[in-house]
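What follows is a set of notes on a single structure, which appears directly below.
Since this is a predicted model, take the numbers as computed values, not measurements.
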Amino acid sequence: MKKEKLSCENARKISIVKALEFLGHYPTRNSEKEAWFLSPLRSETQASFKVSKTLNCWYDHGLGKGGNCIDLVCALSKVSVSHALAILAQLKTVDYDLPKQQETNFKESRIEIKHVKMIQHPALLEYIHERKISLIAAKRFCREVHYTIGSKYYFSIALKNNSGGWEFRNRHCKSSSSPKDLTLVKNGFSYLIILEGMFDLLSLITVYPNLKREADFLVLNSVAFADRALPYFDHYKLVELYLDQDEAGRKATANFLNSTSKCIDKSEFYTAEKDLNAWLMKTN
């Protein structure tokens with residue numbers, strides 16, 4: 001059956017706050033009548049993008065312009081009205097429930113996982129594309145995780161670690177849930193690849209997709225956990241290092257090289273950039 005198209009009249013009735021959240025933008029201040037955002041249309045450090053909940057319209061004080069939900073999607077995604085309607089139609093069909101008010105008997109800093117699913121949210125798919133990552137690689141190693149911190153609701157691309165915690169990444173934040181740990185991806189090989197973070201792993205697999213059928217991977221998730229990687233070396237004949245080019249990454253690389261002759265530094269091809277993903281984004 002052919003899906004019914006979303007009309008302009010119905011699109012204008014869609015909550016702008018919900019549309020922004022669907023596209024990965026969250027308010028910095030929220031009240032019953034209005035919400036304030038860091039402008040999704042430009043770079044700023046103080047929120048000057050206002051959404052009136054009663055009128056369901058937006059106004060960007062920095063640009064001096066505003067409008068309805070359709071106008072916003074057209075400006076934000078740089079698309080025509082018909083394309084904007086197609087984007088807004090997804091808001092009606094995807095599994096995207098806004099959070100209910102959380103119980104107040106847990107600490108504000110606690111992260112509570114709500115949903116874990118295959119990566120499908122348009123904002124995350126767009127972010128993966130921006131980072132030049134293969135969607136096949138992202139779906140192979142990561143998940144889409146929805147979670148709360150206090151009363152605030154978030155969703156991110158997430159990599160699970162050995163202790164059950166998660167590393168979260170989206171366009172606006174880089175965070176993690178406890179417990180923090182390394183992530184070992186075990187494929188049954190005698191060849192181990194060490195990487196510093198989630199996007200280093202995804203970048204390497206994007207460039208060399210066959211590696212996932214040739215090696216095991218160990219993601220540090222923080223260079224501070226480098227010492228935790230050493231016991232794993234005993235189980236492998238060869239260990240390749242793809243760490244960052246900053247001071248901490250170079251120090252960790254040097255320590256690994258000094259610890260065993262099994263280690264080989266493989267970072268020579270991206271030495272001009274901070275890390276693998278920065279190199280991938282610049283060269284593709």
Side-chain angles (χ1 to χ4, degrees), residues 119 127-143 156-169 174 176 179-284:
I119 300 170
Y127 179 54
I128 289 167
H129 179 71
E130 287 174 2
R131 299 292 293 261
K132 307 296 184 183
I133 297 298
S134 157
L135 183 57
I136 294 173
K139 288 187 173 182
R140 163 69 176 81
F141 294 99
C142 300
R143 292 293 179 265
S156 297
I157 301 162
L159 178 71
K160 198 170 190 177
N161 67 40
N162 294 352
S163 297
W166 293 91
E167 295 294 319
F168 300 122
R169 301 290 184 274
K174 176 180 179 180
S176 59
K180 287 276 289 184
D181 201 354
L182 312 175
T183 297
L184 177 66
V185 180
K186 199 166 178 62
N187 298 314
F189 296 99
S190 59
Y191 163 31
L192 181 67
I193 293 176
I194 307 284
L195 306 115
E196 196 162 321
M198 176 197 310
F199 275 100
D200 298 316
L201 170 63
L202 299 181
S203 297
L204 190 64
I205 297 300
T206 296
V207 177
Y208 302 113
N210 288 335
L211 276 179
K212 62 181 177 288
R213 294 187 290 272
E214 300 172 2
D216 289 1
F217 302 91
L218 187 64
V219 182
L220 301 179
N221 291 321
S222 170
V223 74
F225 291 161
D227 287 347
R228 296 190 187 184
L230 294 173
Y232 290 92
F233 293 2
D234 295 338
H235 306 288
Y236 295 91
K237 294 179 180 178
L238 176 66
V239 178
E240 292 190 347
L241 310 172
Y242 292 83
L243 302 185
D244 290 2
Q245 294 300 305
D246 57 14
E247 183 180 353
R250 297 311 304 161
K251 183 178 178 180
T253 297
N255 289 340
F256 284 147
L257 291 171
N258 290 332
S259 70
T260 173
S261 59
K262 294 179 181 180
C263 289
I264 301 174
D265 182 10
K266 300 290 287 185
S267 66
E268 66 275 358
F269 69 91
Y270 59 93
T271 50
E273 305 300 331
K274 178 184 178 294
D275 56 33
L276 263 169
N277 188 244
W279 171 83
L280 177 63
M281 291 180 70
K282 191 169 183 177
T283 56
N284 284 269

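Using a 4.0 Å cut-off between charged side-chain N and carboxylate O, Arg250 and Asp265 make a salt bridge. In this structure, Lys180 pairs ionically with Glu167, as a charged nitrogen and a carboxylate oxygen lie closer than 4.0 Å.
Atom SG of Cys142 is separated from atom CZ of Arg169 by 9.5 Å, given to the nearest 0.5 angstrom. The structure places NZ of Lys274 at 14.5 Å from NZ of Lys282, a figure rounded to the nearest 0.5 Å. Here the CD1 atom belonging to Ile128 is positioned 10.5 Å from the CD atom belonging to Glu130, to the nearest 0.5 angstrom. Here the CD atom belonging to Glu273 is positioned 12.5 Å from the OG atom belonging to Ser267, to the nearest 0.5 angstrom. Note that SG of Cys263 and CG of Leu257 are 6.0 Å apart. Values are rounded to the nearest 0.5 Å.
With contacts defined as side-chain heavy-atom distances shorter than 4.5 Å, the pair Thr253/Asn255 does not qualify. Taking the side chain as every heavy atom from C-beta outward, Leu195 and Leu218 never approach each other to under 4.5 Å. The side-chain heavy atoms of Met198 and Ile157, taken from C-beta on, include a pair separated by under 4.5 Å. Between Tyr232 and Ile194 the shortest side-chain heavy-atom distance does not fall below 4.5 Å. Inter-residue side-chain proximity for Leu280 and Phe199 is flagged as unmet; no heavy-atom pair is nearer than 4.5 Å. No side-chain heavy atom of Leu192 sits under 4.5 Å from any side-chain heavy atom of Lys237. Within the 4.5 Å cutoff, side-chain heavy atoms of Leu201 are placed close to those of Ile205.
When all heavy atoms of Asn187 and Arg140 are compared, the pair lying nearest together is OD1-NH2, 3.4 Å. Smallest separation of non-hydrogen atoms from Arg143 and Ile119: C-CG1, 3.7 Å. In plain terms, the two heavy atoms of Ala138 and Leu202 that are nearest each other are CA-CD2, 3.9 Å. In plain terms, the two heavy atoms of Ile193 and Ala215 that are nearest each other are CD1-CB, 4.0 Å. When all heavy atoms are compared, the tightest approach of Phe256 to Ser259 is O-OG, 2.6 Å. The minimum heavy-atom distance linking Leu220 with Phe225 is given by the pair O-CD1, 3.4 Å.
Remark: side-chain polar atoms of Asp200 are not paired, donor with acceptor, to backbone N or O of Leu243 under 3.5 angstrom. Between the side chain of Arg213 and the backbone N or O of Pro209, no donor-acceptor pair lies under 3.5 Å. Looking only at distances, no side-chain donor or acceptor of Lys174 sits under 3.5 Å from a matching main-chain atom of Phe168. Under a 3.5 Å cut-off, the side chain of Ser222 and the backbone N or O of Ala224 do form a donor-acceptor pair. No donor-acceptor pair closer than 3.5 Å links the side chain of Asp216 to the backbone N or O of Leu184. Looking at Asn161, its side chain does come within 3.5 Å of a backbone N or O of Ser163 through a donor-acceptor pair. A donor-acceptor pair is defined here as one N or O able to donate and one able to accept, closer than 3.5 Å; no such pair exists between the side chain of Glu240 and the backbone of Ile264.
A 6.0 Å sphere centred on CD1 of Ile136 holds no more than 12 heavy atoms belonging to other residues, nucleotides or ligands. Counting heavy atoms of neighbouring residues, nucleotides and ligands inside a 6.0 Å radius, atom CD of Glu247 does not exceed 12 of them. Within 6.0 Å of NZ on Lys160 lie no more than 12 heavy atoms contributed by other residues, nucleotides or ligands.
Side-chain atoms of Tyr191 and Glu214 form no donor-acceptor pair, as typed in the model, at a separation below 3.5 Å. If you check the side chains of Asn221 and Thr183, you find a donor sitting under 3.5 Å from an acceptor. Defined by atom type and a distance below 3.5 Å, a donor-acceptor pair is present between the side-chain atoms of Asn277 and Arg131.
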Test side chain to side chain contact (heavy atoms under 4.5 Å, CB included) on Ser203 and Ile133; report intermediate values, then the result. CA-CA 6 Å; Ser203 297; Ile133 297 298; 3.5 Å; yes
Between Tyr236 and Phe189, does the ring-ring contact (aromatic ring centres under 6.0 Å, His included) criterion hold? Intermediate values first, please. CA-CA 8 Å; Tyr236 295 91; Phe189 296 99; 9.8 Å; no
Evaluate the criterion side chain to side chain contact (heavy atoms under 4.5 Å, CB included) for residue pair Leu238 and Lys262; output intermediate values, then yes/no. CA-CA 5 Å; Leu238 176 66; Lys262 294 179 181 180; 5.9 Å; no
Please assess Phe141 against Val219 for the test side chain to side chain contact (heavy atoms under 4.5 Å, CB included), listing each intermediate value before the final yes or no. CA-CA 11 Å; Phe141 294 99; Val219 182; over 6 Å; no
When you look at Leu159 and Trp166, which way does the side chain to side chain contact (heavy atoms under 4.5 Å, CB included) test go after all the steps? CA-CA 6 Å; Leu159 178 71; Trp166 293 91; 5.7 Å; no
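The aromatic rings of Tyr242 and Phe269 sit perpendicular to each other, their planes meeting at more than 60°, with 30° as the lower class boundary.
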